[in-house]
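One structure below.
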Amino acid sequence: MRETTCCFTGHRPSRLPWGNRERDPRCVALKAELARRVEALYHRGYRHFICGMALGCDLYFCEAVLALRERFPDLLVEAAVPCQEQADSWSSENRRRYQSLLERCDWESLIQKHYDHSCMHRRNRYMVDHASLVLAVYDGRGGGTCHTLSYALSRGVKTELIDLNQYEISR
C-alpha cells in the first residue's frame, strides 16, 4: 500500500505569516492550494493519506483530505499521533477540532503512549517510512519540516513542496 500512500509535513502557526488567523486571505489561499494538491494526488492514484495531526498545516491537510473523501469514499485517512498527550495543552477550541478530525479518520496510529523529546521525530519517521510521497508546506528554514524532508530524501521517498514564502506578502 506504500506506493499509493502520501504523508504530509508542514509548519505550525508560529511559523505561518498569519499565525492562528485562518481567515487571513493567505491562509485561505494555502488551504485552497492544499485541496487542489490532494485532489491531484488522488487522481494520480494516491488513496492513503497520513497526517501527523499537529496544529497549523497538518490540520489544514487533514481537513482537505477528509473533505475530498466525501467525494471519493475509497480514500483512506490515517492519523499518526505522536503521543496520547499531543493536544492536552491546546486551547479547548483546538482540542475539539483535533478530536473531531481524529474521530473522522479511518484509523489512528499511536506512535508511543507518553510524550518525550523525540516522539514528534518518531512520528515523522513513521509517516515517511509508510509513504511513497511526502507533500510539504515549507519555508526553506530548519525545523521539524526540514528534518522530515531530509529524512524522506535520505530514504528515497519523493517529495513535493508548497513554498510557504509565496504566502508572505499580504493580499
Look at the aromatic rings of Y98 and W90 and report parallel, tilted or perpendicular, splitting at 30° and 60°. perpendicular
State whether the side chain of T5 and the backbone N or O of S132 hold a donor-acceptor pair below 3.5 Å, judged by distance alone. no
Are V134 and I162 connected in the hydrophobic side-chain network, where two residues link if heavy atoms are under 4.5 Å apart? no
Under 3.5 Å donor-acceptor, D139 side chain and N165 backbone: no
Given V137, which of T9, T145, L34 fulfils the side-chain contact (heavy atoms from CB on, under 4.5 Å) condition? L34
CD of E22 to OH of Y60: how many Å apart, nearest 0.5 Å? 4.0 Å
Exceeds 12 heavy-atom contacts within 6.0 angstrom, atom CZ of R23: no
Approximate separation, where rounding is to 0.5 Å, of E78 CD and C6 SG: 12.0 Å
Same hydrophobic cluster for V28 and L55, using side-chain heavy-atom links shorter than 4.5 Å among ILVMFWY? no
Using a cut-off of 6.0 Å, state whether more than 12 heavy atoms not belonging to R97 lie near its atom CZ. yes
Among Q112, M53, Q86, find the residue that satisfies the side-chain contact (heavy atoms from CB on, under 4.5 Å) test when tested with R123. Q86
So, does R69 use its side chain to make a donor-acceptor pair with the main chain of R104 at under 3.5 Å? yes
Backbone N/O of S118 and side chain of Y115: donor-acceptor pair under 3.5 Å: no
For R95, does the CZ atom sit with more than 12 other heavy atoms under 6.0 Å from it, leaving out its own atoms? yes
Answer yes or no: is there an ion pair linking E93 with R96, defined by an N-O contact shorter than 4.0 Å? no
